[in-house]
Amino acid sequence: MDFDFLNELNENQRAAVEYTDGASLVIAGAGSGKTRVLTYKIAFLLKLGIHPVSILALTFTNKAAREMKERIAQLVGEKTARYLWMGTFHAIFSRILRVEAEKLGYTKNFSIYDTHDSQSLLKTIVKEMKLDDKVYKASALHSRISNAKNNLISPKMYAADGELCKNDRIIKIPDFAQIYATYCARLRSADAMDFDDLLMQTNILFRDHPDTLAKYQEAFKFILVDEYQDTNFAQYLIIKKLAEKHEHICVVGDDAQSIYSFRGANIDNILKFKDAYRSTKIFKLEQNYRSTQTIVNAANSLIDKNENQIPKKVFSENPKGEQIIVNTAFTDIEEGSIIANKIVEFSEKYEYGQIAILYRTNAQSRVIEDALRKKAIPYRIWGGLSFYQRKEIKDVIAYCRLVSNHHDHEALQRIINVPARGIGDTTLAKLADAATAQSSTVWDILLDLPRYNLPINAGTTQKLSAFKEMILNFSEKIETLSAYKLLAEIVKTSGIIADTYSDKSPESQSKRENVEELLTAVHQFCETREKDNQTTSLPEFLAEVSLLTDQDTDKDDKTPKVTLMTIHAAKGLEFKVVFIAGLEENLFPSSFCNTPREIEEERRLLYVAITRAEEQCVISYAKSRFRNGTTSFCNPSRFLENIDEKYLDRESIGENSSEFFRKNDFWMDNNRFVPKESLPQNNYSKKRLSEITPDKTSNPNQNSTYADATTVKHSIFGIGKVVETNFEAGNEKVIVDFGAKGTKTLLTKFAKLEVIV
DNA sequence: TCTTCATAGTTTTTT
DNA sequence: ACTATGAAGA
């Protein structure tokens, strides 16, 4: 047998890979080849003859699962790798829950409520209970419920817990337990689970059905868990139960990279792993292959300031490398410009694709984007508003959900009047009230509308009936049509995007394209499943798509681009050059942090950010920043003091900031400081000025960001030349000649144009 | 009932 | 800045 690939591992890595006797904990420092150990271990097991379906490998994101599967496929072949149980906790256990749904009182087509659905449901409940929605905020309630579920506290247990209820009274939400109970009841009647249910219901399944548990214990001979430091109690317990029989469990993680406690992740899971599994053997991977010595040492000097951690000494034998550059900017806008300039400088040595800009919050991306666009630096953003969160996509998905599960109330509520068909809020409220009164669902009311004698006029009754018939008609085709064909029919006959055909605005255009993109995705789904001789019904597509929240749009554009993303999203990735922006108090660490424990997590977050860099790391902060509608002054982050000064190179202090401040040479525009000259070739001051005092009589081009005849690139239309620009109601419009693709009018705030130099 | 306009409230990180 | 809700007009 061919085990040559093991030679690519160092001694510790290899030991971890080859150990298959009992439980093992792999403590893997940043860049120490954690993923490699995991993939090779799975490949090793497969080559030993273990059948892929008896290996369960759990990852933190869909992307991680996908990539790991690809790498394993390279080692053992695609045909074998395909059968691995590999995916996120949520994806894997939703699969199992669909199979076992009836045991828990759900159907196999249960809906999955996303965060938005959950909060919308909570709002309804708060309203129904006539509580103050300012005291009972949906987001706060939801995170509380999420917390409870992740700790496996059911509504009953919650209500019975004196401590918890007393605490609720103290923070003035005494009715929380009741809300929680109603929320769960509503989910159940809608035949829906929220994200946290996927873990909680799995636990209930395993608790109440020992035979089922035994079946999966037997099935999964080997269990591997990636990013174990970020598991919560519900996940811990699922693993514990599944692994009980064979204790062939291997978890990999790094306590120094635990950054998801806000989601219930419990760092104790990794710190106390050896207490949970008595046979535990611990492997430590301490050699960092990714980064320069300077970067590793700087990161170490930072993380040393944390009290709670497993002792380890990560080291690098790579070249010493450059120092970490620290830049100070006067404003957030200038920060963006400094970063853009630096990228231009680096671009002689590095490709854009090797550069990443990381930040604490998504909101920070905007100014950076602006700066990059000015310099014509191509970039792509990860996260933010993802494809599946767009209105039109959510609408289409809601149709699918209602078609496969008539009791999905959030879906029904969303689309009963999309497109407008004369069924307004009042009518829906009448239906919903009746449903609550009958303790059934709106759909049940619709099925037998005349019987309930609701005060709804004949016209509306007719419309409701038509809607019901339409959905029923779709539902009838679930078995006979593929997901693609059915979805195409839904899009066509429901008229969701009908109005966008008559409208030539870029918004409608992009709506249509997004829906078409979704159709392409379904098409691909069907094709792949057909190849594997699997069925391709709509509910099956839905089951997959409900958990595909982000970053599935890897449009295979070949052009190298600078990557922008939050640090959380960057976990597990690496880049030659990493910029970390916004190192300011109240931003990083976030102002939401109060306890030392929370500060430690933020410090770990910066540790994660720094250790993404292979060769160059550039940190920056601004002295003033536009946030929440106002400009506020900020102080440099305390974490800057935490990094040993000898690894830092503080550049360009005051070079073009404080001086300008002194000279008063900046615009104070809408409470925002805009340095006049600090940005090379910038048009900000002009642009801003034009926005305050739109002057239609003057030549509009003078105010524009895009001069006439500028060559620009549009993601869809390609390369074109600017013909005309103007401002209308503060919106910048450009007319661009795309040659063969025609001349288009674009709103610059929607169309992301790149300036081509 | 739908559309438009105005106002208010809110912004950490994600499956 | 941006969205989400509410009020007024069509």
Side-chain angles (χ1 to χ4, degrees), chain A residues 58-65 87-94 112-116 118-120 123 127 133-134 137-140 142-143 146 149-150 193-199 227 230-232 234-235 258-265 332 358-367 370 382-386 388-389 391 417-429 456-457 459-460 463 546-551 565-571 582 586-593 598 601-602 604-606 608-609 625-631 670-672 691 729-730 749:
Chain A
L58 297 162
T59 60
F60 196 67
T61 62
N62 295 309
K63 190 168 142 266
T88 62
F89 276 87
H90 297 261
I92 294 287
F93 294 110
S94 74
I112 295 176
Y113 274 16
D114 66 14
T115 312
H116 183 272
S118 296
Q119 296 194 4
S120 151
K123 274 183 202 159
K127 207 177 252 174
D133 60 2
K134 297 206 176 63
K137 283 187 195 150
S139 57
H142 183 234
S143 73
S146 179
K149 286 189 177 180
N150 284 327
M193 295 197 197
D194 64 13
F195 282 138
D196 305 306
D197 273 331
L198 297 175
L199 304 176
E227 309 280 13
D230 284 323
T231 51
N232 60 36
Q235 293 167 320
S258 164
I259 54 174
Y260 278 93
S261 73
F262 68 92
R263 226 171 90 184
D332 48 349
L358 310 181
Y359 34 77
R360 178 68 243 265
T361 65
N362 277 313
Q364 286 169 257
S365 75
R366 244 193 113 85
V367 267
D370 284 345
W382 280 66
L385 335 125
S386 82
Y388 289 100
Q389 310 224 3
K391 282 190 202 76
N417 203 25
V418 176
R421 48 170 73 88
I423 305 172
D425 291 345
T426 19
T427 307
L428 184 59
I456 295 174
N457 66 37
T460 312
K463 289 169 191 158
S546 311
L547 293 168
L548 273 188
T549 34
D550 58 337
Q551 62 225 2
M565 61 181 141
T566 63
I567 301 168
H568 282 89
K571 194 166 82 159
N586 295 324
L587 178 62
F588 197 0
S590 156
S591 53
F592 285 67
C593 297
E598 285 167 327
E601 175 146 326
E602 296 280 307
R604 290 195 293 270
L605 195 54
L606 181 57
V608 169
R625 182 172 295 275
F626 187 71
R627 277 217 289 172
N628 308 349
T630 48
T631 301
N670 192 20
N671 257 338
R672 181 169 198 165
E691 282 178 15
K749 67 175 177 182

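So you know, we letter chains A, B, ... as the sequences are listed, proteins then strands, and number each from 1.
Two residues, Glu601(A) and Thr460(A), neighbour DNA chain B, and the one matched to the more 5' nucleotide by heavy-atom proximity is Thr460(A). Toward the 5' end of DNA chain B, the nearer of the two residues Thr427(A) and Ser590(A), judged by each one's closest nucleotide, is Thr427(A).
Inter-residue side-chain proximity for Thr59(A) and Glu227(A) is flagged as unmet; no heavy-atom pair is nearer than 4.5 Å.
Rounded to an integer number of Å, the gap from Ile567(A) CD1 to dT14(B) P is 11 Å. For Leu587(A) and dT12(B), the CG to C1' distance is 9 Å, given to the nearest whole Å. Rounded to a whole Å, the CE atom of Met565(A) is 11 Å from the P atom of dT14(B). Spacing between atom NZ of Lys149(A) and atom C1' of dT15(B) amounts to 14 Å, rounded to whole angstrom units. Between the P atom of dT14(B) and the CD atom of Gln235(A) lies a distance of 16 Å, rounded to the nearest Å. What separates NZ of Lys123(A) from C1' of dT5(C) is a distance of 9 Å, to the nearest Å. If you measure from atom CG of Asp133(A) to atom P of dA8(B), you get 15 Å, rounded to the nearest angstrom. If you measure from atom CG of Asp197(A) to atom P of dT15(B), you get 18 Å, rounded to the nearest angstrom.
Nucleic acid contact for Lys391(A): none, since no nucleic acid atom lies under 4.0 Å from a heavy atom of the residue. Within the 4.0 angstrom heavy-atom criterion, only backbone atoms of the sugar-phosphate kind lie near Ile423(A); the bases stay farther away. In this structure, Asp196(A) reaches neither bases nor backbone, as no heavy-atom distance under 4.0 Å exists between it and the strands shown. Residue Tyr260(A) is classed as a sugar-phosphate contact, given heavy-atom separations below 4.0 Å to backbone atoms only.
At dC2(C), one or more side-chain N or O atoms of Arg366(A) fall inside 4.0 Å of OP1 or OP2 (strictly under the cut-off). Proximity of Lys134(A) to the phosphate of dA8(B): no side-chain N or O atom is located under 4.0 Å from OP1 or OP2. Neither OP1 nor OP2 of dT15(B) sits under 4.0 Å from any side-chain N or O of Asn62(A). Asn417(A) has a side-chain polar atom (N or O) that falls below the 4.0 Å cut-off from OP1 or OP2 of dC2(B).
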Item to complete: Please report the C-alpha distance between Ile259(A) and Val608(A) in whole Å, then the side-chain angles of each, then the deciding distance to 0.1 Å, and finally whether the side-chain contact (heavy atoms from CB on, under 4.5 Å) criterion is met.
Response: CA-CA 9 Å; Ile259(A) 54 174; Val608(A) 169; 4.2 Å; yes
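Looking at Arg360(A), its side chain comes within 3.5 Å of the base of dT13(B) through a donor and an acceptor atom.
Centre separation under 5.5 Å together with a plane angle under 30° does not hold for the ring of Phe262(A) and the six-membered base ring of dT12(B), so they are not marked as stacked.
Taking the C1' atoms as reference points, dT12(B) lies 24 Å from dT5(C), given to the whole Å. Taking the P atoms as reference points, dT11(B) lies 16 Å from dG6(C), given to the whole Å.
The ring of Tyr260(A) has its center closer than 6.0 angstrom to the ring center of Phe60(A). In this structure, the ring of Phe262(A) has its center less than 6.0 angstrom from the ring center of His568(A).
Of the possible donor and acceptor atoms, none in the side chain of Gln235(A) sits under 3.5 Å from a partner among the backbone N and O of Phe89(A).
The listed nucleotides are dT10(B), dT13(B), dT15(B); the one nearest the side chain of Thr61(A) is dT15(B).
Nearest heavy atom pair, residue Lys149(A) against residue Ala234(A), reads O-CB, 4.4 Å.
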